[in-house]
Every structure is written in structure tokens, then in C-alpha cells.
Amino acid sequence: MSYEEFTQSIEGFEENYAGNISSTQYFGFPTQAILNIEEQLEASASKNIAYFSMEFGLAPSIYNTFLLNKPISKNNQFFTHEVFSNYWLCDYLFKIKINKMLDIPIYGGGLGVLAGDSMKSIADAGLPICGIGVLWNKGYFKQKFWYKHGQIPDELAWDPHTYPGLVPLKNRVVIQTKEGPLHLRVWKYYVYSYHKKYASPLLLLDSNLDENSEKFKRLTDQLYRSDEVWWKIYQRVILGIGGMKALESLGYDINKYHLNEGHAAFALVEKYVTLENKEDMNQCKEQFAYTCHTPVAAGHDRFGLHDVSQLLDDDYTQAAKMFGEEEEGSGQINLTHMCLSTCTHVNAVAQKHGEITRLQFPDFADKVDAITNGVHLFTWLSRSFESLFDQYRETFGDWRGNQGNLSKVQELKGNAKFREDLFTAHQENKRQFLDIVKRWQLKENVLTIGWARRIAGYKRPSLIFHNIERIINIAKTIGPLQIVLAGKAHPNDDIGSAHIEEILDHIDQLNEHRKLIRVMILENYDTYFGKLLTNSVDIWLNNPLPPFEASGTSGMKAILNGVLQMSTLDGWVVEAKDDNIGWIFGYQHSGTEIGTEKDSRLDEDSNALYDTLEDAARLYYATVKEGGIDYKSEWIDKMINCIDRGAFFNTQRMINEYNHLMWGNKQVSV
Ligand SMILES: *Cc1c(COP(=O)(O)O)cnc(C)c1O
């Protein structure tokens, strides 16, 4: 693609974007990288991949931030965050203010962050890929805490037209429905690799167009908006069917379609409906790969065929029935089933999750592979650790190009200077966080525990408060504690919202104990806070009920930065259980019964958590003492083990496995 063709494809280029895009610069990044990948995606002999995901968490405020030739518009700025703590006067007087760009708000949690991290590592590996998602005009939602009420969800206003790096194309995609044509605009965003010589486009579909009915205009308002079934179905239709049509309209020649979770299953339906010779579908199945992300029942979409038939033309409904009906004659389609039965390549997201997926779907057990998740190193690694690895480059070598090199950290275990530098780098990260919340007067030499992720029942967000007396007692007898939490509950998830209410109550109960235990929960958890917290606390707490955590990734962000894990045995942690990266506690799942999320084992597992916390606190206060830090401490051995495992739990290794197992290419040499 030539530069002229590129600018001509953008709607309103001269008026709105010419100041930021030139033949050499795209919002401060090299334009040539874009022209190269566009060319490659149009070339027919290449092994191009389309990666579909309902959400993408790209975290541009912390990595690869695009430049803008004017100030960022108010709507695209990070808003202030309120805090609910056991120092309520402070909450009342102050807010957290951070002068930053808002992350492109098209994700809800870990699934989206994984999709974003995957795109980045795919670009880093120089693979030709195009991401497909949805431009959520009102984001996910904005969270507000109200004591005694829990979480109040609000709409988020942001402005795609002035968001750095995002451009609308002239292309339109039309889906014919029983309620008239559904028009979609295609937006483009680019993900650059760290050395900026390679980029990957992300196509985002948007129904907010004048030519649409009022109803259709709002379909791409909010991610996971699910008040009504038609809303849900249309959103999946936009991603799957709209996504396939968008690829077609851009002239991309795609060899593999990767469906990140079942939301994109209608891509299969579109493929079938548009085939001239239906028998070719058998070969087409080979082109489809599917990643299943959850063992939790609510994670699998089921729709009545009748509801689908009200919206989609009959050939679409027929195809949806053919591929998606779990049991013949049930009148229900299941998008997970559609993907499992139709895609040739299927994977779960950790080894344990692979086992569970095979148990849950025995008919497809043979084809379920497991590829353990990872995180994108350059997004989640702190500055101070980056400098540390560079400082010891004789040991780490080209750790950016070959992230497996991080395991060489073991060679430095006996190096007194390294041990001191490592702990000092950690303290620097911790101070950065404490500075942002300085009004709340957290202390550098107090054991600080972090828990932040989506608030969902099986993740047991309030486990650490289950027995307030015990936690107070630990702080009294061993040493003071600081606990920082954050997370959003899906607005329709009543159990999740109840957890937030419960947490606020517990924090309030700890009001009079704030000299010993300082607790705070931050509003509007996002990737910025995700990085801030996983980089800076001393212990990352992860206490899902096994075996319901498919993988989990926030702990992987933490280990890269030497933050110790305190975790139940589930998801990715199962693969690191013998590596001494912290502490493992609580109920362990085994056998062929999956059990139920309802039996949440709070009593037994909170006791196990407190016992473990006692050990951890003792070790911490034997390491961080009045007279100084004991750099010989086992604590620092554990930090080193964490970094060692970061060599594996990253998306560079993960994408290599996808490329090999799912997309049928050779291992990429790095
Ligand atoms: C990493 C991340 C998650 C995922 O956390 P889990 O521990 O895997 O549940 C969710 N939300 C944000 C904002 C993140 O950065």
C-alpha cells in the first residue's frame, strides 16, 4: 500500500489527521511499518492471521503511547480516582490525580489484556496479523463506590475521534438483518513492536452511524451490555459476521482465523453462508483456531434459536443451528460448542485448565491442547527492573529479544551486590506507588499486600477479611500490614457487587485499627493501576477457588517485578508450584469432579490464608528490620525465583506456541 492510498482510506484525513500523520510519522511512530504490514496482509501467498476478540486491553498509557500534536482532549484523559479506605477523613478530602491519557476503553478485564498482550508479542515476532474487535463508544463502565451500596456503575464518555493513534476508515460494512441493514464503520488502530519496525493493525467495528436506526446506533455503546438477549446476540454478530466482512472489504487475504473466546463464533457462520460450495467447509475448518478461556458456566454464551431467528436471515439461523446446537432439537445454540465442534485447533489457557476443559467437554477432549498464558514483558516490566537487567547484561544478555534469558537470574543468587540492587529496585517501585497515594500515609517498610482483578465470586475478593479478628491479631503480634485492593464487578453480577459492599463494610470495621492495618480500595481498576500495583506491592495475593481460575495473569505481571505470590493452587500457579515463588495455600482440586462455585470454602481457606500470612509476615519483618535490610534473606531468594519464572510466563513464549500448535507454522526463532 502506498502512503497516498493509506491516507485516502481514512475518513476526514485532511481535516482531522493530517497534522499527526505524515509519510514518515504516524502519531510519532514510523509510518513505513504500517505500509509494510498493509502490503503483507493484502498479499495472497502469505500466512496471514486474523485474531478476533470482544475486548482488547492495549494499555497505551503505559506502553507505546502515541503522540498527539495538541493537548489530549478532556474526555480522553485519565479522570481522578476516589479511594475508600479505613482513613475516611482522607478519602473525604482527597482523590488520586494522575495526569495521563485514558487507556483506550475497549476492555473489561484479563481476557482483553491477554488479547492486547498477544497482539503486541505477535508484532514483536514480526508475524502478519490483524486484530478484530469492537469500538465500544461508552467503554465498559465507570465505577463509583458508595458506602452501604457497593458499586454504582456509570457510563464512560470518551472521544474516539481525537484519541491518539485511532483513525476512522471510509469503509463501511453492512450486515442484513430482519430489522433492516446494520451499518458498521471500521476504525483502525496500530500495535507497534518494541523496536518499532513492525506494526499490526487492529480493526474496530462501530455501529454509531447516522444511517443506522436508533436501536442499531447503540449496539456498540458498552462492552458486555447484556440487559436483553437481542443486544447480546447483535454484539456477537457484529464481531463475528461484521469482522469477517471487514476483512473482506479491506482486501486482506487471511489464512487463519483465531477466535479468542466464543464471542466471535459467528465468524464460522459467516464463512459457511458465504461459501459457494458448502462442501468446502470441511477444509475451511482447518483455518479456524479457538481459545477457550473459562471453566465458569456463565462464561459460555447460550441463545435460543428462536431469538436468533428473529434477528438474522434464515440461512444464518440455519447455519448457527447446524454448528451450534448442543443437543439436536434443544432449540438452543451454545457458542462454546459451536467453536469446539467446528474449529480444528482448540486450546485452553493453562495446563490445569486443559484438564478441566477436557472433563467439561469429553466429546472434544482429543483436540483440546493447552497453551499457558503469558504477559507482554515490555508492558508490565517496571523501569527500575528494566535498568537492573541492563545493568547485569553480562548475565542476562539480549533479554529483550530472548525473554527466556530471565532465568539466568539464578546465576546471580550468590551475588551480594545483585541481591541488594534487586531489593533496592523493588523499594523504588514501592515508593512510586506510595507517593501517588501519599495522602493516605502508607509506609515504605510495612508489609504491603495487593489484590486487584475483576470482582467475581470464584475469585473470592473478600477472603482476606473473612475473619477480621485474625488479621488484626497478625498485625498486632507480628507486624503492621497494608492492604490495597481494586476491581470492577460486572454491573449485572449481583454476587460480585455484593462482594464490593462486603469489602467496604470490612474496611469500615478496620477504622479504629488503622495504625496497625491500613486498607484501601481504589476506584476504576484499569491497566494503569494494574501495572502500578503489580509492580510495587510486596506480596500479590491470588485466592480463586480451584479449579475455576482458567489461568490468571496479574500474578505474572507481579513476578516479572520480583513481587512474591501468595496463591491458591489454580491456573498458571499450578505450573510454578515447585518453584518457591512465594506461598501456596488452601483447597487443592483433584479428581474428575469439577465441583461447584457455590461451595466457596471461605472458612477453611481463610484460615489457611491467615496461617500462611503469618509465615510471610515473619519472614518479611526478619528481612526488613529497624536496623536495615537483610539482603541474605530467603525473601530475596524468592524474588529471584519469581524473575526466573518470568522467563516462561510471557507472551513471547506463548505466541511461539500458538504459532506452532495452532497456526501450523514453525517456531519463530528469537
Ligand atoms: C492483568 C489484568 C487483569 C487480569 O487479572 P487476573 O488476576 O488474571 O484476574 C484484569 N484487569 C486488569 C486491568 C489487568 O491489568
Side-chain angles (χ1 to χ4, degrees), residues 53-63 78 81 100 102-118 120 139-143 156 223-224 261 293-296 299 349-350 352-353 372-377 379-382 449-461 463 484-490 493 496 499 521-537 539-546 548-561 563 565-568 570-574 576 582 646 649-651 654:
S53 183
M54 199 62 138
E55 42 172 309
F56 284 90
L58 296 159
S61 77
I62 49 180
Y63 175 73
F78 205 84
H81 290 242
K100 274 211 158 274
L102 183 77
D103 278 334
I104 184 167
I106 54 170
Y107 69 98
L111 177 70
V113 173
L114 181 82
D117 280 6
S118 300
K120 292 177 207 171
Y140 182 39
F141 70 93
K142 199 167 157 178
Q143 179 189 50
L156 173 81
L223 171 62
Y224 300 136
E261 200 46 297
H293 282 268
T294 180
V296 176
V349 291
K352 175 80 187 173
H353 180 227
T372 305
N373 279 346
V375 294
H376 183 250
L377 191 81
T379 302
W380 302 107
L381 188 67
S382 58
I449 300 157
W451 187 103
R453 47 181 62 78
R454 241 169 7 93
I455 306 260
Y458 76 91
K459 290 178 185 269
R460 302 186 295 188
L463 188 70
V484 189
L485 308 120
K488 290 176 170 180
H490 186 284
D493 174 7
H499 274 294
I521 180 163
L522 314 175
E523 256 177 23
N524 280 305
Y525 183 51
D526 66 356
T527 43
Y528 176 80
F529 276 147
K531 178 158 183 172
L532 189 67
L533 296 181
T534 54
N535 280 192
S536 65
V537 297
I539 290 179
W540 193 249
L541 179 63
N542 178 47
N543 45 226
L545 173 70
F548 294 102
E549 185 66 271
S551 166
T553 54
S554 60
M556 302 177 186
K557 302 165 191 168
I559 58 172
L560 282 177
N561 294 287
V563 169
Q565 303 296 300
M566 186 175 287
S567 180
T568 49
D570 206 11
W572 73 274
V573 177
V574 175
F649 294 104
N650 60 65
T651 38
M654 182 191 92

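As the structure is a computational prediction, the values presented were derived from the model and not from experiment. Remember, it's 1-based here, ligands and their atoms both numbered in the order they're listed.
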Visitor: Are a donor atom and an acceptor atom from the side chains of Asp103 and Thr527 found within less than 3.5 Å of each other?
Guide: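 Their side chains do contain a donor-acceptor pair, which is all the 3.5 Å distance test asks for.
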Visitor: Counting only heavy atoms and a distance below 4.0 Å, can you name the residues contacting ligand 1?
Guide: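 Lining ligand 1: Gly109, Gly110, Val113, Trp380, Arg453, Lys459, Tyr525, Asp526, Thr527, Gly552, Thr553, Ser554, Lys557.
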Visitor: Output, in order, the C-alpha distance, side-chain angles, deciding distance and verdict of side chain to side chain contact (heavy atoms under 4.5 Å, CB included) for Ser118 and Met654.
Guide: CA-CA 8 Å; Ser118 300; Met654 182 191 92; 3.2 Å; yes
Visitor: Quick one: does Val573's side chain get under 4.5 Å of Glu549's, heavy atoms only?
Guide: no
Visitor: Which label fits Tyr224 and His490: parallel for a plane angle under 30°, tilted from 30 to 60°, or perpendicular past 60°?
Guide: tilted
Visitor: Set out, in order, the CA-CA distance, both residues' side-chain angles and the distance that settles side chain to side chain contact (heavy atoms under 4.5 Å, CB included) for Leu545 and Thr568, then state yes or no.
Guide: CA-CA 7 Å; Leu545 173 70; Thr568 49; over 6 Å; no
Visitor: Are a donor atom and an acceptor atom from the side chains of Gln143 and Tyr525 found within less than 3.5 Å of each other?
Guide: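 Gln143 vs Tyr525: no donor-acceptor pair found between side chains.
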